[in-house]
Amino acid sequence: MAKKKKEKKTNEERVLDQNNIEYIETSYNWLEKGVLSEANDLGIEVDSILKTIVLQANKDPKDYVVVCLPITKEINLKLVAKQLRKKQLHLADNKKLINITGYVHGANTPIGIHAFKGFPIYFDERTKSFDEVSVSSGKVGRSVRLKLEDLVNLVDGKYIQVEE
């Protein structure tokens, strides 16, 4: 019987290792199966799976912020802009994400964006209700599950309200 080939660690998993942060790596084809199916298969609450949204402020090509929120929730850009004292926020151009963050759409991760780009990272205050969360580990279909507190501390994250 053939051995299952272990996947090589992502740079983001190496960052977690270097900071002695415990995590569980998961691979899941959520594009094909869907996030609800992933949550059910893993036995976790769907809203503990976070999406990473990259926002551009004031149309400035050097002013980006990152917001992490439950995958089923929406973001109110005007509310977030007001809290961050930005005149205007809009979604970063998906076609330019690789140049902005180093990741393709679906692989953006607060771990790597903070470590390699230094953009400020914000978390939806509703995530405080979870002890553990899942975020992308820098590769589409691959994530890490870790303590929210460890993640927020690692990326110097702050909490904000993202929806009224």
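The model shown is predicted, which means the values in this text are computed figures rather than measured ones. The basis for the numbers below is simple: all heavy atoms, side chains too, and nothing from hydrogens, waters or symmetry mates.
- The side chain to side chain donor-acceptor pair (under 3.5 Å) search around Ser137 returns none, not counting sequence neighbours.
- With hydrophobic clusters built from ILVMFWY side chains whose heavy atoms lie under 4.5 angstrom apart, Leu148 does not share a cluster with Tyr122.
- Looking at residues two or more places apart in sequence or on another chain, you find no side chain to side chain donor-acceptor pair (under 3.5 Å) involving Asp60.
- How far CG of Asp124 is from SG of Cys68: 10.0 Å, rounded to the nearest 0.5 Å.
- Annotation: the span from Leu89 atom CG to Gln83 atom CD amounts to 10.5 Å, rounded to 0.5 Å.
- Panel note: side chain Ser48, backbone Glu45; a donor-acceptor pair is recorded below 3.5 Å.
- Thr127 pairs by the side chain to side chain donor-acceptor pair (under 3.5 Å) definition with nothing, not counting sequence neighbours.
- A donor-acceptor pair shorter than 3.5 Å cannot be found between the side chains of Ser134 and Ser143.
- Heavy-atom neighbours of Asp131 CG from other residues, nucleotides or ligands within 6.0 Å: at or below the threshold of 12.
- Applying the side-chain contact (heavy atoms from CB on, under 4.5 Å) test to Leu16 and every residue at least two apart in sequence or in another chain returns Ile21, Tyr23, Ile111, Val144, Leu146, Leu154.
- Atom CD of Gln88 and atom CD of Gln56 lie 9.5 Å apart (nearest 0.5 Å).
- A search for side chain to side chain donor-acceptor pair (under 3.5 Å) contacts involving Ser136 returns nothing, not counting sequence neighbours.
- There is a path of hydrophobic side-chain contacts, each under 4.5 Å, that joins Ile100 to Ile121.
- At a threshold of 4.5 Å between non-hydrogen side-chain atoms, the residues Val155 and Phe123 count as touching.
- Note that CD1 of Ile49 is 6.5 Å distant from CD1 of Ile71, once rounded to the nearest 0.5 Å.
- Linking ILVMFWY residues whenever their side-chain heavy atoms come closer than 4.5 Å, directly or via other members, places Leu84 and Leu91 in the same cluster.
- With a 4.5 Å cut-off on side-chain heavy atoms, Ile75 and Leu55 count as touching.
- The list of ring pair (Phe, Tyr, Trp, His ring centres under 6.0 Å) pairs with a residue in residues 69-107, not counting sequence neighbours, is empty.
- Between Val80 and Ile160 there is a side-chain heavy-atom pair separated by less than 4.5 Å.
- Looking at heavy atoms from C-beta onward, Leu50 lies in side-chain contact with Pro70 at the 4.5 angstrom threshold.
- Counting heavy atoms from C-beta on, the side chains of Val54 and Ile113 come closer than 4.5 Å.
- When side chains are defined from C-beta on, Val15 counts as touching Phe116, because their heavy atoms get closer than 4.5 Å.
- Pairs engaging residues 47-57 under the salt bridge (charged side-chain N to carboxylate O under 4.0 Å, His left out) rule: Asp47-Lys73 [sequence neighbours left out].
- Under the salt bridge (Lys or Arg N to Asp or Glu O under 4.0 Å) criterion, Glu132 pairs with Arg145, sequence neighbours left out.
- Hydrophobic clustering, with ILVMFWY side chains joined whenever heavy atoms are under 4.5 angstrom apart, groups Val140 together with Ile98.
- Within the structure, the side-chain hydrogen bond (donor to acceptor under 3.5 Å, both in side chains) test picks out the following pairs touching residues 147-163 (sequence neighbours left out): Arg126-Glu163.
- Listed by first and then second residue, the ring pair (Phe, Tyr, Trp, His ring centres under 6.0 Å) pairs involving residues 61-87 are Tyr64-Phe119 (not counting sequence neighbours).
- Applying the salt bridge (charged side-chain N to carboxylate O under 4.0 Å, His left out) definition to pairs two or more places apart or across chains, those involving residues 76-98 are Asp63-Lys86.
- In this structure, Arg142 CZ and Glu25 CD are separated by 4.0 Å, a value rounded to the nearest 0.5 Å.
- Atoms CG and CD, on Leu69 and Glu125 in that order, are 12.0 Å from each other to the nearest 0.5 Å.
- Both Val46 and Ile44 sit in one connected hydrophobic cluster of ILVMFWY residues. Membership requires side-chain heavy atoms under 4.5 Å apart, directly or through other members.
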